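Residue numbers start from 1 in every chain, and the chains themselves are labelled A, B, ... in the order their sequence lines are given, proteins ahead of strands. What you see is a predicted model; the values in this text were computed from it and never measured.
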2 protein chains.
Amino acid sequence: MILDSETKAVELPEDHGDELRLWLRLLTCTTLIEGEVRGRLRERFDVTLPRFDLMAQLDKVPEGMTLSDVSKRMMVSNGNVTGLVERLVESGHLDRRTSDTDRRVQVIRLTKAGRAEFRRMAAEHQTWIADIFSDLSPKDVRELMRLLAKTKGSAQKSAQKRAR
Amino acid sequence: MILDSETKAVELPEDHGDELRLWLRLLTCTTLIEGEVRGRLRERFDVTLPRFDLMAQLDKVPEGMTLSDVSKRMMVSNGNVTGLVERLVESGHLDRRTSDTDRRVQVIRLTKAGRAEFRRMAAEHQTWIADIFSDLSPKDVRELMRLLAKTKGSAQKSAQKRAR
DNA sequence: GCCAATTGCTTGAAGCCTAAAGAAATGCAA
DNA sequence: TTGCATTTCTTTAGGCTTCAAGCAATTGGC
């Protein structure tokens, strides 16, 4: 911050190029890996990434979740979840019922077949990920985890500021 | 690697949980930031992220690029670019002409208005990114850059292995 | 020159995704 | 109780995205 001739605060255009380059690199990495995973899921299991992700959320919670829960966890819109769930119920992977205590709420769970199918996919998926990251040492992995956690915190803070 | 009683190589199920957690964190970070940027672009400039990205590619190359170039750089499909370009030409941001030397090729460039509009958006965009990453020290940024470069290399190697 | 393979782009079908508006159910306060 | 705000989900319109198939132009081998 500097002051001009009439003692008014003036912002100098700062250099934010490094952050921008970092963001682009982060995006490139993610896009690259996401594309790779998407392609393999399609090839091996004929399943889309969003469906896999949704099933992954449900696998963690056997008693099921509401659509809103899924929406928050996957960081996608409500309407999006509605459609995804529709198709997964249709294909027999998901079970859906209205809550007993609140008739607005839909609780979804993996069916037995859906769970079996997901487990089969997840096991292989994990080896793909390991292969994709195989050049990184355990120390690299730890360090990346730490820095990404810090990044996430920073981004959330920034998002919160805007939301007000 | 261990050997079984008949001296055959046997793979033990290894633990790949750390890599998986790393991937999920990477994805979360990117999704979070991407959503934030998308929202701000829409609010402030009523533009979508893909359009902004496409214009960013073109801003770097005043003489223009072919659709294939754009497709490779943005890491999206050809058909996707066709549609994006169509809408941006329609809105007057892009200029499109058939190559003189190869009539299959379409060369696209920013129009004068398109360039001005992009520069206006890009300046503000850069400050958003700086704010989003503001908790990271310069050292953090350097370290993240390094580790993501390594990650990208590793992912590319893995992708190449599969593509054969 | 001719033909086959390749390259650059478009099209079509299907699915993903968002924002915004709306319907239904709930909760809360007067 | 009534009325209003809120929550949960769905719907709609529009755009993004992929894959696969197809068309047109070019290139390279003969």
Side-chain angles (χ1 to χ4, degrees), chain A residues 27 30-32 34-55 64-91 93-94 96-108 163, chain B residues 27 30-32 34-55 64-91 93-94 96-108 163:
Chain A
L27 189 54
T30 302
T31 305
L32 185 62
E34 204 175 317
E36 187 62 18
V37 171
R38 187 194 310 282
R40 296 200 197 202
L41 281 175
R42 174 183 198 71
E43 264 178 21
R44 285 280 298 141
F45 302 112
D46 194 32
V47 75
T48 65
L49 186 51
R51 285 181 206 199
F52 179 80
D53 284 345
L54 176 39
M55 292 173 81
M65 312 171 59
T66 70
L67 295 205
S68 294
D69 288 341
V70 173
S71 165
K72 274 172 208 131
R73 290 214 195 204
M74 291 182 73
M75 298 194 282
V76 299
S77 66
N78 272 344
N80 189 0
V81 173
T82 295
L84 267 174
V85 166
E86 208 164 75
R87 287 181 287 269
L88 279 167
V89 167
E90 169 69 22
S91 65
H93 293 89
L94 259 55
R96 159 197 214 135
R97 58 180 185 73
T98 301
S99 164
D100 299 327
T101 56
D102 186 338
R103 275 182 302 170
R104 289 169 306 181
V105 175
Q106 302 286 316
V107 178
I108 55 175
Chain B
L27 188 55
T30 303
T31 305
L32 185 62
E34 205 175 316
E36 188 61 18
V37 171
R38 186 195 315 279
R40 296 202 199 202
L41 281 175
R42 199 179 55 75
E43 263 179 22
R44 287 280 297 139
F45 302 112
D46 194 31
V47 75
T48 66
L49 186 51
R51 287 181 203 196
F52 179 80
D53 285 345
L54 176 38
M55 293 173 81
M65 314 171 57
T66 70
L67 295 206
S68 293
D69 289 340
V70 174
S71 165
K72 274 171 207 130
R73 290 214 196 203
M74 292 182 71
M75 298 194 283
V76 299
S77 66
N78 273 343
N80 190 356
V81 173
T82 295
L84 268 175
V85 166
E86 208 165 76
R87 287 182 286 269
L88 279 167
V89 167
E90 169 68 23
S91 66
H93 293 89
L94 259 54
R96 159 197 213 136
R97 59 181 184 74
T98 302
S99 165
D100 299 327
T101 56
D102 186 337
R103 275 181 302 170
R104 287 169 308 179
V105 175
Q106 303 286 316
V107 178
I108 53 173

Numerically ordered, the residues 38-45 of chain B set in heavy-atom contact under 4.0 Å with DNA chain C is Arg42(B)
Roughly, in whole Å, what's the span from CG in Leu84(B) to C1' in dG14(D)? 13 Å
When Thr101(B) and Arg51(B) are each assigned the nearest nucleotide of DNA chain D, the 5'-most assignment goes to Arg51(B)
Side chain to side chain donor-acceptor pair (under 3.5 Å) involving Arg97(B) - partner list, sequence neighbours excluded: none
Sugar-phosphate, base or nothing in reach of Thr48(A), heavy atoms under 4.0 Å: sugar-phosphate
Side chain to side chain donor-acceptor pair (under 3.5 Å) against Thr30(B), all qualifying residues, sequence neighbours excluded: Thr30(A)
Rounded to whole angstrom units, what separation is found between the CD atom of Glu34(B) and the P atom of dC16(D)? 13 Å
Should Leu41(A) and Arg51(A) count as side-chain neighbours, where that means a heavy-atom distance under 4.5 Å? no
On DNA chain C, reading 5' to 3', which nucleotide is the first and which the last to sit with an atom under 4.0 Å from a heavy atom of chain B, could you check? dT7(C) to dA20(C)
Measure the distance from CZ on Phe52(B) to C1' on dC16(D) and round it to the nearest whole Å. 17 Å
Listed partners of Thr31(A) passing side chain to side chain donor-acceptor pair (under 3.5 Å), at least two apart: none
Check Met65(A) against Val70(A) and note the closest heavy-atom contact, atom names and distance. CE-N, 3.9 Å
Could you tell me the separation between the CG atom of Leu54(B) and the CD1 atom of Ile108(B), rounded to the nearest 0.5 Å? 5.5 Å
Taking distance alone, no hydrogens or angles, what donor-acceptor pairs closer than 3.5 Å link side-chain atoms of residues 73-84 of chain A to residues at least two apart or in another chain?
{"from": "Ser77(A)", "atom 1": "OG", "to": "Asn80(A)", "atom 2": "N", "distance (Å)": "3.3"}
{"from": "Asn78(A)", "atom 1": "OD1", "to": "Ser71(A)", "atom 2": "OG", "distance (Å)": "3.2"}
{"from": "Thr82(A)", "atom 1": "OG1", "to": "Asn78(A)", "atom 2": "O", "distance (Å)": "3.3"}

Report the residues that fulfil side chain to side chain contact (heavy atoms under 4.5 Å, CB included) with Thr98(B), sequence neighbours left out, ordered by chain and then residue number. Arg103(B), Gln106(B)
Applied to residues 36-49 of chain A, the salt bridge (Lys or Arg N to Asp or Glu O under 4.0 Å) test, sequence neighbours excluded, yields Glu34(A)-Arg38(A), Glu36(A)-Arg40(A), Glu36(A)-Arg162(B), Glu43(A)-Arg162(B), Arg44(A)-Glu124(A)
Please round to the nearest 0.5 Å and tell me the distance separating atom OG1 of Thr48(B) and atom CG of Leu88(B). 7.5 Å
B/S/- contact track for nucleotides 1-12 of chain D, protein heavy atom under 4.0 Å: ------BSBBB-
Please identify each residue that fulfils side chain to side chain donor-acceptor pair (under 3.5 Å) with Asp69(A), with sequence neighbours left out. Thr66(A)
